[in-house]
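Whatever order the structure lists them in is the order used to number ligands and atoms, beginning at 1.
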Amino acid sequence: MIKKAIIPAAGFGTRMLPYTKAVPKEMITLVDRPAIDYAIDEAVSAGIEEIILVTSKSKNLIEDYYDRYFELENALEKSGKKDALEEIVGLAGKCRIVSVRQKEQLGLGHAVYCAADLVGDEPFAVILPDDLFLATKPVLAQLKDAYEKNNGPVLAINEVPIEDTSKYGVVDIERDLGGSLFKLKSMVEKPKKNPPSNFAIVGRYILTRDILDELYKTSRGALGEIQLTDAINAVAKRKEVYGLAYEGRRFDCGSKIGYLEAVVNFTMQREDLRQDFIKIIEKIKK
Ligand code: G1P
């Protein structure tokens with residue numbers, strides 16, 4: 001059973017400056033909640049019980065968001081704002097959240113490795129909170145099902161335009177196993193040319209302990225950083241690693257336009273806002 005998820009949240013968020021000068025990019029607002037809260041809900045609905053946040057200096061707001069806030073709770077209670085009170089208390093009880101600091105920004109692989117001691121020997125999930133999804137069944141739950149059936153690491157993969165492959169980890173597919181599951185031959189991080197396919201790795205993974213051990217030995221790769229993709233690739237040479245072309249729509253909230261697209265789509269999911277929001281869009285179109 002997969003009970004723990006690592007959420008790397010230590011990056012500077014340079015693509016979203018100047019906002020991210022003072023506020024962690026994971027705390028950017030989508031309707032009325034920080035983006036990371038959608039990722040954490042996805043994890044909880046897939047049965048994750050413990051989130052390991054990998055943070056850095058100036059990311060304390062994330063921890064504050066999931067902490068109790070007794071002064072606010074008392075104020076809401078006194079003013080009879082029961083729904084708001086329930087919601088605030090609920091946040092702190094959503095799941096167990098622990099954190100570890102990544103003291104130097106040496107790459108995604110290094111960030112994940114910072115959580116190794118807290119993960120132990122169990123299989124675990126990795127959630128990149130920039131990537132948010134709208135799906136009938138949460139993407140992490142789809143990955144977990146595939147892991148349970150095949151007992152090997154599973155990466156979420158998605159077709160992207162070939163000219164965008166240099167922004168991603170890109171997989172080489174060995175075999176189509178049916179049901180949108182593929183056995184992967186290898187993968188390469190941010191290929192400058194000749195990508196092995198147009199299937200990109202996107203921000204959800206179910207991984208195993210041997211990948212953490214491999215990360216310990218992994219030297220700097222693309223962009224001079226320790227890359228998670230390189231460690232998974234090394235493990236794929238000796239055992240089966242899978243890619244799941246999940247059902248759902250992805251939003252890259254780490255980019256300005258991807259974030260705006262997410263705001264529009266997540267607002268449209270809200271019964272309390274949908275109709276008024278459509279009216280606003282129609283006015284703009286005129
Ligand atoms: C990271 C991973 C990359 C993956 C991407 C998905 O890259 O290293 O393999 O394709 O996330 O969003 P980053 O976006 O942090 O550069």
Heavy atom of the protein closest to [atom] (residue, atom name, distance):
atom	answer
atom 11 (O) of ligand 1	Leu128 CD1, 3.3 Å
atom 6 (C) of ligand 1	Ile201 O, 3.4 Å
atom 9 (O) of ligand 1	Glu189 OE1, 2.6 Å

I'd like to check which ligand 1 atoms, numbered from 1 as shown, lie under 4.0 Å from a non-hydrogen atom of [X].
X	result
Tyr168	10 (O)
Gly169	3 (C), 4 (C), 9 (O), 10 (O)
Thr229	9 (O)

Could you pull out the closest heavy-atom pair between [X] and [Y], with the gap in Å?
X	Y	result
His110	Gln102	ND1-NE2, 2.9 Å
Cys253	Tyr259	O-CB, 3.8 Å
Glu240	Pro153	O-CD, 3.6 Å
Ile127	Ala43	CD1-CB, 3.6 Å

- Query: For ligand 1, which part of Asp252 has a heavy atom less than 4.0 Å away: the side chain, the backbone, both, or neither?
  - Reply: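 No part of Asp252 comes within reach of ligand 1.
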- Item | Residue part near ligand 1, for Asp131, under 4.0 Å between non-hydrogen atoms |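 For Asp131, only side-chain atoms sit under 4.0 Å from ligand 1.
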- Task: Pick whichever of Lys167, Lys190, Arg250 has a heavy atom sitting closest to atom 16 (O) of ligand 1.
- Result: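 Residue with the shortest heavy-atom distance to the ligand atom: Lys190.
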- Item | Donor on one side chain, acceptor on other, Arg249 and Asn265, under 3.5 Å |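 Indeed, the side chains of Arg249 and Asn265 share at least one donor-acceptor pair under 3.5 Å.
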- Can a donor-acceptor pair be found between the side chains of Asp64 and Tyr69 at a distance below 3.5 Å?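 Their side chains do not contain a donor-acceptor pair, so the 3.5 Å distance test is not met.
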- Residues two or more places apart in sequence or in another chain: which of them pass side-chain hydrogen bond (donor to acceptor under 3.5 Å, both in side chains) with Ser99?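 Ser99 satisfies side-chain hydrogen bond (donor to acceptor under 3.5 Å, both in side chains) with Glu63 only.
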- Hey, is atom 14 (O) of ligand 1 under 4.0 Å from any protein heavy atom?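 Protein heavy atoms within 4.0 Å of atom 14 (O) of ligand 1 - there are none.
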- Using the ring of each side chain (for Trp, its six-membered ring), is Phe199 parallel, tilted or perpendicular to Phe182, with breaks at 30° and 60°?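 Because their plane-to-plane angle lies in the 30° to 60° range, the rings of Phe199 and Phe182 count as tilted.
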- Message: Does ligand 1 come near enough to Leu108 that some N or O of the ligand is less than 3.5 Å from an N or O of the residue?
- Response: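 No: no nitrogen or oxygen of Leu108 is under 3.5 Å from one in ligand 1.
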